[in-house]
Every structure is written in structure tokens, then in C-alpha cells.
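Quick notes on the structure that follows.
These numbers come from a predicted model, not from an experiment.
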Amino acid sequence: MTPGEINSLLTRDAEGVASMLLPNGQRDGHEWRAGSVDGEAGKSLGVHLTGEKAGVWSDFATGERGDLLDLWAVARNIPLKDAIAEAKVYLGIREPQFHAYQPKRYRRPDKPKCQPPAAQSAVLVYLTEQRKLTEETISAYRIAERGREIVLPSLRDGQLIAVKYLGIDRPDGKKKIRVEADCEPCLFGWQAVPVNAREVVITEGEIDAMSLYQYGFPALSVPFGGGGKGKQAWIEHEFEHLERFDTITLCLDRDAPGRDAAEEIIERLGRHRCRVVELPEPWKDANDLLTNRVSAEQVQALFAKARTLDPTELKPAAEFVDAVIGEFYPSGDEEPGFSPPWERLSARLRFRRGELCLLAGVNGHGKSEVAGHLTLDALAQGERACIASLEFKPAKWLRRLTRQAAGLAVPSVPFIRAIHQWYAERLWVFDAVGTAKAEQILEVFAYARRRYGIHLFVIDNLAKCGLAEDDFNGQKAFVDRLTDFAKEHDAHVLLVLHMRKRESEDKPAGKMDIKGTGALTDMADTVLTVWRNKPKEEVVHKAESRGDPLPDGVLEQPDAVLACHKQRNGEDEPKIALWFDRASHQYVDRTGARPRTYVNFSIRGQPHES
């Protein structure tokens with residue numbers, strides 16, 4: 001929720017909030033009157049209790065004013081973000097609590113050996129004469145120098161989080177940048193943003209942020225520039241710190257990396273509060289405005305025109321020309337998403353972003369093992385995943401997943417720790433056992449997508465999503481929402497389902513045997529079923545119990561069959577035989593094949609991908 005939305009809820013009980021924050025005041029007509037923000041008796045401060053101005057307050061002695069959230073912050077003498085947190089508790093608002101299974105540890109940088117820019121130093125001359133920054137701006141952002149390098153500290157809540165060094169010389173026309181290693185990704189410029197600001201600008205460079213500060217805007221800079229593919233990883237670390245802003249304006253470069261960054265930032269921080277300001281030609285970035293002496297009035301006018309990004313659903317048909325050409329003449333580049341782990345399927349089946357896949361099987365036929373194996377391979381291909389395994393506590397199903405990752409029945413304790421270190425920035429857990437409400441699942445998934453950039457979501461299984469077995473309309477509505485979620489968040493959703501009970505499990509079932517209404521398979525993009533070869537297992541069991549040799553050809557029979565009954569955006573509906581490796585719980589695609597070890601473990605205990 002934005003601060004504005006929280007404040008709107010507070011105004012419904014304006015008198016209760018005012019009397020709590022200013023306990024020695026009293027009601028006077030349509031206002032709550034007190035001596036000051038310290039809450040003593042008096043008349044100098046008034047809080048409107050009714051009408052359109054409910055919650056608006058003014059201290060006529062000091063000139064301070066604001067809404068109830070501002071009053072909460074000044075009366076309690078706390079930053080706005082802490083006031084928001086306390087107000088949520090007061091209102092009974094519970095945000096999703098979502099944590100990485102094993103958060104990565106970052107180090108705090110040592111205090112850099114540097115000094116404030118000296119008078120007439122090369123760094124100060126560069127910043128003031130070439131970049132047109134004032135010494136007040138340089139001081140506000142705590143800029144320092146180290147030889148011919150600009151020292152750019154990222155401070156948050158008074159603590160040094162990261163340090164970047166920018167050389168003022170450009171050999172071969174290229175910037176010389178270095179950063180302190182292993183530091184937390186952090187926005188630059190918190191030290192210059194007022195603690196109670198409700199609006200902020202995010203730029204693509206530190207000097208751009210300082211330039212906009214000089215124009216009167218609280219401004220921060222992304223740490224790694226524009227673009228996608230991990231460049232905006234800072235979002236998950238700054239998510240809570242950005243909650244206090246009603247409006248976030250993006251002033252990024254006009255090039256492709258700038259557009260890519262804007263799209264990801266807006267999607268994850270919220271389209272409802274993000275705006276984009278477009279700088280007209282010939283200005284490339286905010287510092288161009290400053291160095292070309294564009295007036296503050298002109299810049300204010302540009303920012304007044306900042307707009308939301310058009311809905312992704314609304315595009316001119318002509319924009320798709322390159323994509324259509326690609327449909328006729330494929331480039332060979334894979335669509336975003338991941339492939340299955342079996343070579344015979346990798347070119348025929350694709351788990352694409354924006355799609356919903358149903359994976360069904362009779363109880364005990366291995367659908368959860370298949371879902372886990374698919375997830376592991378997605379992690380190995382660079383995807384981030386969140387799993388809602390609702391039948392078991394996290395440690396139980398992670399035991400099986402870890403067994404699959406190791407390719408062993410019982411990995412050693414150091415190996416288990418190494419595998420979980422590999423999970424650290426790849427895998428998240430929806431920690432709820434039993435029946436979870438469909439709304440709760442979607443709420444947490446949306447939060448995880450925005451904060452952590454997750455693209456694969458697994459639900460095991462539909463029967464545990466709070467819907468009655470005969471509630472076909474409810475099941476249809478939930479699956480419909482999952483398809484919308486996948487498209488809206490550019491994610492892939494894998495939903496595990498049960499099959500209807502039949503007289504015999506001896507033959508594979510089809511998509512018409514999936515439990516629930518037929519609308520489920522109609523809405524899904526991909527439909528898979530897994531069948532376990534019970535007749536083979538019975539023959540093997542009888543032979544082993546009697547000490548008899550196995551009949552010829554039995555071992556060559558598959559242990560399972562994975563069948564694709566629908567692939568809306570593919571050319572094929574493949575079916576393959578699989579063999580089950582009991583030690584690893586992996587499925588392999590030929591008899592006698594070895595399971596894959598997803599994390600190779602060395603004696604030093606350092607994991608690396610196989």
C-alpha cells in the first residue's frame with residue numbers, strides 16, 4: 001500500500017488517531033486542538049476531523065503542516081518509514097512476510113581512504129565546472145575524492161552500504177568505474193533525501209541524481225545502470241525502503257537499456273505509483289539539462305508531464321513486425337523460459353513466460369517428483385522459482401528436492417549446506433502447510449514477483465488451494481486468475497493436479513481424466529500427465545520376492561511416461577518414456593542413465609553448477 005492509501009484509512013478514524021498522538025489535546029468543534037506536535041494542551045495546532053480535509057493538520061506557531069502520517073512521524077519523532085510501519089499495525093494491515101530460504105550475506109565496506117574535494121582539486125573542478133554541480137550539492141551527497149577518482153558513497157539510515165569510484169579521466173572515451181566487492185546492491189543518494197519525503201526521482205547515474213537535486217527534486221540513482229538481466233537486482237534490497245513514497249518518477253536514459261530498466265522497475269515497484277519523465281532532444285540525461293543551463297521552470301514543466309507507462313496490453317499492431325518476421329524465420333534464439341531436463345524433449349517442449357502449465361497424475365504416480373525435477377533444471381538455467389508445496393512442511397519437500405539436486409540418496413551435511421547455498425538466490429518457499437486460500441497464494445506470489453524478480457511459480461497442488469472438490473466454478477475462477485497472473489507478471493506457473501480415480505492404473509490416462517471441470521485444460525497453455533508403470537513394478541516385485549530372474553525385456557520397459565496433451569504455443573505434443581532413479585528421485589530418459597548432479601561439491605565445501 002502507498003502512504004496515501006494508508007493515510008486515507010487513518011482519516012476514517014481521524015479523532016482516534018489525533019487523540020492518541022496528541023493525548024493532552026481536546027476536541028474543539030470539527031478540530032482536535034493541542035499546543036504543538038509534542039501533544040501538550042493548547043490551541044496552536046489543529047487537526048481537521050471531518051469532511052474532505054479530515055486528517056489535515058497545521059501548527060500555526062511553527063508553520064508545520066501535513067496529513068496524519070506526517071503527524072505520526074513528527075509527534076513520535078520517527079522517520080516516515082517507521083511511522084508507516086506503526087500505522088499499519090494500528091490499522092491491522094498485515095503485509096506478506098516473505099524471505100529467501102537462505103539470504104545471501106553482504107559485507108559492509110571499510111570506510112574509504114578519501115577526503116572531501118579540496119579547493120581547486122581536479123575532482124572539484126570536474127564536478128563544478130564540467131558537470132555544473134554546486135559545492136552544496138556535492139556536500140549533500142557526501143562526495144569525496146581519492147586522487148583523480150570521485151568517491152560515491154551509498155549511505156542508508158546513516159550506514160555505509162556500498163562505495164563506487166568514478167575516474168574523471170576517460171581513456172579511449174570510456175568511463176573508469178570500480179566498486180567495493182560483495183556489498184549489498186543499494187540506491188545511491190539516500191543521504192540527500194529528506195526523511196519525510198513522499199516523492200522521489202530515480203535516475204540512471206549518480207551525477208544525474210545530483211543534478212536533479214540541484215533542481216529541487218529528491219533524487220536517487222540505480223547502482224548498475226540501465227538494462228535488465230540482473231541490473232535491477234537492487235529492487236529486492238530497497239523494496240521496503242521505497243514503500244514510503246507515493247510517487248516514484250523515473251528519469252532514465254532514452255536508449256534501449258533505459259527502457260528495459262523502466263519496464264522492470266515499474267512492474268516491480270507498482271505501475272500505480274511510478275511515472276516516467278521523457279527528456280526531449282537533444283538532452284540525453286539529467287546532467288545534460290544542468291550543463292546546458294535549462295531553467296528550473298522548464299525542468300519543473302517537464303516533470304509535470306511525467307506519465308505512467310501505457311498498459312502493456314495496448315500496442316499498435318505495427319510494433320510486432322519484427323516478432324512476426326521471427327515467427328516465419330526463427331533466429332534460433334530461445335524464448336524466455338526454460339526447457340525440460342530430458343534431451344529428447346528439450347527441442348520439442350518449452351515452458352514459456354506468460355503461460356500456465358498443468359501437470360496431472362494419479363496419486364502416487366510421481367507428479368511431485370517431476371515438478372521438483374523441472375524446477376531444479378529451471379534453476380540451473382537461470383530462472384528464479386517460488387514453490388508452494390502445500391502437502392508437506394518445507395523441510396520435508398526440500399529434503400526430496402535436495403536429494404534430486406545432489407543426485408544421491410543421502411548427501412553429506414556439508415553437501416546439503418552447499419546445495420542450500422546454491423538455492424540462496426534462486427529458490428523461495430511459500431511456507432504454508434495444509435489448505436491455503438487462493439487469494440493468499442496469489443498475493444504472496446505477486447509480492448515475490450515484484451520484490452525478487454521470480455519468474456517460475458509452482459503450486460503443488462490444486463486440491464490444497466482452499467477450493468472444495470466439487471466447486472468447479474471456484475476452480476475455474478482460480479485457474480483463470482493464474483493464467484492472468486502469468487501474463488501480467490511475465491511468469492510461468494506450474495500447477496499440479498490429481499486425476500480422477502479409474503478402475504485400473506495399468507494404462508496411461510489422458511487430459512479428459514484430469515479431476516475437475518474441463519475448463520481447466522481449456523484455459524491452460526500446456527497440459528502434461530505423468531503415468532507410473534505399475535504393471536512393470538508388480539512383475540519386478542514378484543520376481544524379487546521369489547528370487548526368480550526377471551523376464552526378458554522387463555528392465556527395458558519404462559518406469560513412467562510423460563505425455564504432453566497440449567502446447568498452445570508449440571508445434572508438437574510429445575510423449576517420452578522415463579526411468580526412475582530411486583536413489584536421487586530423478587527421472588532419466590533412458591535405461592541405465594546416471595542422474596545429474598546439479599551442484600558439484602568439492603572438499604572445500606564450495607558449490608558450483610555442473
Backbone N or O of T521 within a donor-acceptor pair of the K511 side chain at under 3.5 Å?
no
Donor-acceptor contact below 3.5 Å, side chain Q421 vs main chain I416
no
Just do the side-chain contact (heavy atoms from CB on, under 4.5 Å) check on K164 and F188 with the steps written out, would you?
CA-CA 9 Å; K164 180 185 288 188; F188 166 82; over 6 Å; no
Just checking R500: does its CZ atom have more than 12 heavy atoms from other residues, nucleotides or ligands closer to it than 6.0 angstrom?
yes
Taking the side chain as everything from C-beta on, heavy atoms only, tell me whether F351 gets closer than 4.5 Å to L456.
no
Are the side chains of L390 and C465 in touch, meaning some heavy atoms are under 4.5 Å apart?
yes
Check this for me: K575, atom NZ, are more than 12 non-hydrogen atoms of other residues, nucleotides or ligands nearer than 6.0 Å?
no
Heavy-atom count check: over 12 atoms from other residues, nucleotides or ligands less than 6.0 Å from R399 CZ?
no
Hey, is CD on Q557 packed in by over 12 heavy atoms from elsewhere, all under 6.0 Å?
yes
Check: D460 and W397 side chains under 4.5 Å, non-hydrogen atoms
no
Has the side chain of R268 got a donor or acceptor atom that lies under 3.5 Å from a matching backbone atom of I235?
no
How many angstroms lie between OG in S389 and CG in L398, if you round to the nearest 0.5 Å?
8.5 Å
Check whether more than 12 heavy atoms from other residues, nucleotides or ligands sit under 6.0 Å from atom CG of D552, and answer yes or no.
no
Give a yes or no answer on whether the side chain of E383 reaches the backbone of F338 with a donor-acceptor pair at less than 3.5 Å.
no
Check whether any side-chain N or O of D559 sits under 3.5 Å from a backbone N or O of F580 as a donor-acceptor pair, and report yes or no.
yes
Look at the side chain of R449 and the backbone N and O of H489, then say whether any donor-acceptor pair between them is shorter than 3.5 Å.
yes
Does the side chain of K487 come within less than 4.5 Å of D525's, by heavy atoms?
yes
State which residue, out of V370, D581, L374, fulfils the side chain to side chain contact (heavy atoms under 4.5 Å, CB included) condition with Y587.
V370
Does one side chain, of E369 or H585, offer a donor that lies under 3.5 Å from an acceptor on the other?
yes
Is it true that a side-chain atom of R451 and a backbone atom of E236 form a donor plus acceptor pair closer than 3.5 Å?
yes
Taking all non-hydrogen atoms of both residues, which atom of H498 and which atom of N461 are closest, and how far apart?
NE2-ND2, 3.5 Å
Below 6.0 angstrom between ring centroids: does that apply to H241 and W234?
no
Exercise: identify the closest heavy-atom pair between R403 and R582:
NH2-O, 3.0 Å
Would you find more than 12 non-hydrogen atoms of other residues, nucleotides or ligands less than 6.0 Å from K231 atom NZ?
yes
Nearest 0.5 Å, please: how far is CG in L497 from CD1 in I514?
6.0 Å
G227 backbone acceptor or donor facing Q232 side chain under 3.5 Å
yes
Tell me which donor-acceptor pairs under 3.5 Å the side chains of residues 354-363 have, and how far apart each pair is, sequence neighbours excluded?
unit_1	atom_1	unit_2	atom_2	d
E355	OE2	N569	ND2	2.6

Would you call T203 and S221 a side-chain contact if the rule is heavy atoms closer than 4.5 Å?
yes
Just by distance, with hydrogens left out, do Q567 and R352 show a side-chain donor and acceptor under 3.5 Å apart?
yes
Grab the two heavy atoms, one from L555 and one from K536, that are nearest each other, plus how far apart they are.
O-NZ, 3.7 Å
Which heavy atom in H420 sits nearest to a heavy atom in T402, and how many Å separate them?
CE1-OG1, 3.2 Å
Is the CD atom of E469 crowded by more than 12 outside heavy atoms at less than 6.0 Å?
no
As an exercise, state the distance from CG of L269 to CZ of F239, rounded to the nearest 0.5 Å.
6.5 Å
Tell me whether R568 contacts the main-chain N or O of M523 through its side chain, where contact means a donor paired with an acceptor under 3.5 Å.
yes
Starting at OH of Y423, measure out to CG of L376 and round the result to the nearest 0.5 Å.
5.5 Å
Run the side-chain contact (heavy atoms from CB on, under 4.5 Å) test on Y598 and L379 for me, step by step, so that the C-alpha distance in whole Å, both residues' side-chain angles and the decisive distance to 0.1 Å come before the verdict.
CA-CA 9 Å; Y598 281 87; L379 301 182; over 6 Å; no
In terms of ring plane angle, is the pair F445 and F430 parallel, tilted or perpendicular, where the classes change at 30° and 60°?
perpendicular
Kindly indicate whether the side chain of L462, heavy atoms from C-beta on, has any atom under 4.5 Å from the side chain of L520.
yes
Can you label the angle between the H365 ring and the W531 ring as parallel, tilted or perpendicular, going by 30° and 60°?
tilted
In this structure, OG of S154 is separated from CG of L220 (nearest 0.5 Å) by 9.5 Å
Closest non-hydrogen contact found for A261 with G226 is CB-CA, 3.9 Å
Please check if any side-chain donor atom of S339 sits under 3.5 Å from a side-chain acceptor atom of R350, or the reverse.
yes
For the student: nearest non-hydrogen atoms of P109 and I161, plus distance:
CD-O, 3.3 Å
Decide salt bridge (Lys or Arg N to Asp or Glu O under 4.0 Å) for E391 and K396; before the verdict, give the C-alpha distance in whole Å, the side-chain angles of both, and the deciding distance to 0.1 Å.
CA-CA 10 Å; E391 292 188 329; K396 290 291 186 185; over 6 Å; no
Quick check: H237 with Y106 (ring centres under 6.0 Å apart)?
yes
Check for a donor-acceptor pair, side chain of K566 on one end and backbone N or O of D522 on the other, with a separation under 3.5 Å.
yes
Report yes if the side chains of R594 and V588 come closer than 4.5 Å at any heavy-atom pair, otherwise no.
no
Are Q381 and D377 close enough that a side-chain donor and a side-chain acceptor fall under 3.5 Å?
yes
Side-chain heavy atoms of Y165 within contact of E180, under 4.5 Å
yes
